[in-house]
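Just so it is clear, the structure is predicted and the values come from calculations on it, not from any experiment. Letters A, B, ... are given to chains in the order of the sequence lines, protein chains preceding strands, and every chain is numbered from 1.
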Amino acid sequence: MIDLKLLRDDPDRVRASQRVRGADESLVDALLSADDARRAAVARADRLRGEQKALSREIAKATPEQRTALLSRAKHLADEVKAAEADLAEAETALRAAHLAVPNVVEDGVPPGGEDDFVTLQTVGKPPTIDAPLDHTEIGAALHAIDTERGAKVSGARFYFLTGVGAQLELALVNLAMEQAQAAGFVPVIAPALVKPEIMEGTGFLGAHAAEVYRLADDDLYLVGTSEVALAGYHAGEILDAGSLPLRYAGFSSCFRREAGSYGKDTRGIIRVHWFDKVEMFSYVQIEESRDEHQRLLAWEREFMDKLELAYRVIDVAAGDLGTSAARKFDIEAWFPSQGAYRELTSTSNCTTYQARRLNIRARDTSSRDGKPAAIGPVATLNGTLCAVARTIACLLDHHQQADGSVYVPVALRPWLGGREVLTPAGG
RNA sequence: GGAGGCUUCGCCUAGUCUGGUCUAUGGCGCCGCACUGCUAAUGCGGUUUGGGUCUCAAGCCCAUCCCGGGUUCGAAUCCCGGAGCCUCCGCCA
């Protein structure tokens, strides 16, 4: 949810944000009038409740003779209070709906436009040149590392088994990612993959992308599409000590996505699947720190790409392609030789205070008190992929394939793969 | 899955039976001030959170006793539903 105070003080800024997103500007005015309506309803309900309180105090002190007269007045007033409270509840519901409909205000400098209007910030490394490259499905099959046929037999389309060196690769990547995160000061976390509706809603995944999310109807729980959800919910409803910020967590969990509406896209292999494991970075920081933290998350993502010895580019995602919660987003896209294209491997978003407002996560600043009450305000939350395992494996096999059918193993991964420098097809 | 107990403003706690200055008690912690020639002791004051109003300062007002309903002029207190925690039984990796 955006800051209503900002909206009242500077509605044009919010309108401008809607414009670069290609979103509906009239939502801003709808929110403004819903805000006015709620405040009017609050004023009226508060006034009536005040009268009611005063009157009921009189009744408590009144003599039995006075009481009868006061009671009839009080009964009438109670009806009015009830009606005013009903109006207020309605106004609050309307405000919340209007509030949720407005996405985060984009950061200055975000490229305007849609999916294809990203700006490439940096290109790193040289894409390998291989004649007639195989794709990761073929390589994975030859290595007996990826079995999508049996994945389909057991669980359906977009499921897979990682076997042998494929399973080892997952563990190697997770270990490498967790080791790097811990060295950078992240608290390692194994997070639940099932969450309650209010947490899923608070992180913004039940809005426009609700169809992407698996729901367990019998238990009213949702399967997370990323551990961002659990890591954001971790401090929901809490007031953090500002002195303890930044708080950084590296969460490992399975991720589940229905991939509704992506039929026919990446149907081969494990680039786009219903389930995969992921190591996700998540930071809670003061709002003034959020831009710098975003750069740090990007730097840690790049560090990981460098360890995997991949050629990649960093893109500044255009406003229209940002999620609801994000004020800015950087993606890292690595080179897939078999596709002759850069494909997204990681993504980092600065959600500023938008997500924290929804989840009611605040910080108390006790540093500059001088007898004054401590300042309390929402924190900024940021997230970034460190390693989305399945897609990263797909990229590694594709990117590091050799002419002889073997796959080069990046130096950083070798300690977890028995020191192997190449992966060789069985029997080849 | 079955039975019982518990949930109060950071933590602990009084209050719930018997509805009305509960405008929520006390302790700890924390903040400020005073005093003693030092951050210890003592004394005094302050200390939930959100919202409304406003010369966005003080003040005033409203809400908030796990959550949601209900009864009532009036609910921390009574009734119904739900959540979480604990104990025991059952089941289970």
Side-chain angles (χ1 to χ4, degrees), chain A residues 1-11 31-99 190 192-202 216-222 230 233-245 247 254 353 356-379:
Chain A
M1 297 190 282
I2 65 163
D3 183 3
L4 285 180
K5 200 163 162 53
L6 168 76
L7 175 78
R8 290 172 202 153
D9 294 345
D10 193 1
L31 180 53
L32 275 169
S33 68
D35 181 43
D36 283 343
R38 186 198 70 107
R39 285 196 283 171
V42 165
R44 184 176 145 75
D46 278 2
R47 182 177 55 76
L48 286 169
R49 265 193 301 248
E51 280 178 37
Q52 186 185 38
K53 270 179 77 166
L55 189 54
S56 89
R57 250 168 307 188
E58 276 183 57
I59 291 172
K61 284 185 287 191
T63 62
E65 305 86 73
Q66 295 169 319
R67 193 165 288 211
T68 326
L70 290 175
L71 273 178
S72 70
R73 254 180 71 203
K75 276 183 183 157
H76 179 67
L77 194 52
D79 288 339
E80 278 191 89
V81 168
K82 214 168 184 179
E85 282 179 343
D87 288 347
L88 175 58
E90 208 173 296
E92 276 174 344
T93 304
L95 173 64
R96 183 167 173 79
H99 206 169
I190 309 292
L194 287 166
V195 299
K196 296 178 177 182
E198 61 263 32
I199 299 295
M200 193 54 102
E201 210 214 337
L216 301 186
D218 286 348
D219 301 284
D220 204 16
L221 288 170
Y222 291 90
Y234 189 66
H235 286 301
E238 296 182 20
I239 300 177
L240 307 169
D241 175 5
S244 71
L245 301 178
L247 286 172
S254 290
T353 58
R357 278 203 166 78
R358 287 180 142 199
L359 290 167
N360 194 24
I361 305 169
R362 293 165 291 171
R364 174 186 273 117
D365 194 346
T366 50
S367 59
S368 58
R369 299 242 335 229
D370 281 343
K372 288 176 188 161
I376 292 176
V379 298

Sorted by position of nearest nucleotide on RNA chain B, 5' first, the leading residue of A:Lys196 and A:Ala54 is A:Ala54

N/O to N/O distances under 3.5 Å, protein versus nucleotides 51-55 of chain B:
residue, atom, partner, partner atom, Å
B:G51, O3', A:Arg38, NH2, 3.0
B:G51, N2, A:Asp46, OD2, 3.2
B:G52, OP1, A:Arg38, NH2, 2.9

B:G4 pairs with which nucleotide, Watson-Crick or G-U wobble, both distances below 3.5 Å?
B:C86

Does any part of the side chain of A:Glu80, heavy atoms only, come nearer than 4.5 Å to the side chain of A:Gln52, both counted from C-beta?
no

In whole angstroms, the gap separating P of B:C73 from CG of A:Leu71 amounts to 7 Å

Between B:U71, B:G74, B:U49, spot the one nearest the side chain of A:Ile239, thanks.
B:U49

Can you tell which of B:C73, B:U71, B:U23 lies closest to the side chain of A:Arg57?
B:U23

So, OP1 or OP2 of B:U49: does either fall under 4.0 Å of a side-chain N or O from A:Arg364?
yes

I want to verify a distance call: between B:G50, B:C73, B:C62, whose nearest atom is closest to the A:Arg49 side chain?
B:C62

Want to settle it: does A:Gly50 or A:Ala74 sit nearer the 5' end of RNA chain B, counting the closest nucleotide to each?
A:Gly50

Who does B:C30 pair with, Watson-Crick or G-U, both distances under 3.5 Å?
B:G46

Would you call A:Lys75 and A:Asp79 a salt bridge, taking side-chain N to carboxylate O under 4.0 Å as the test?
no

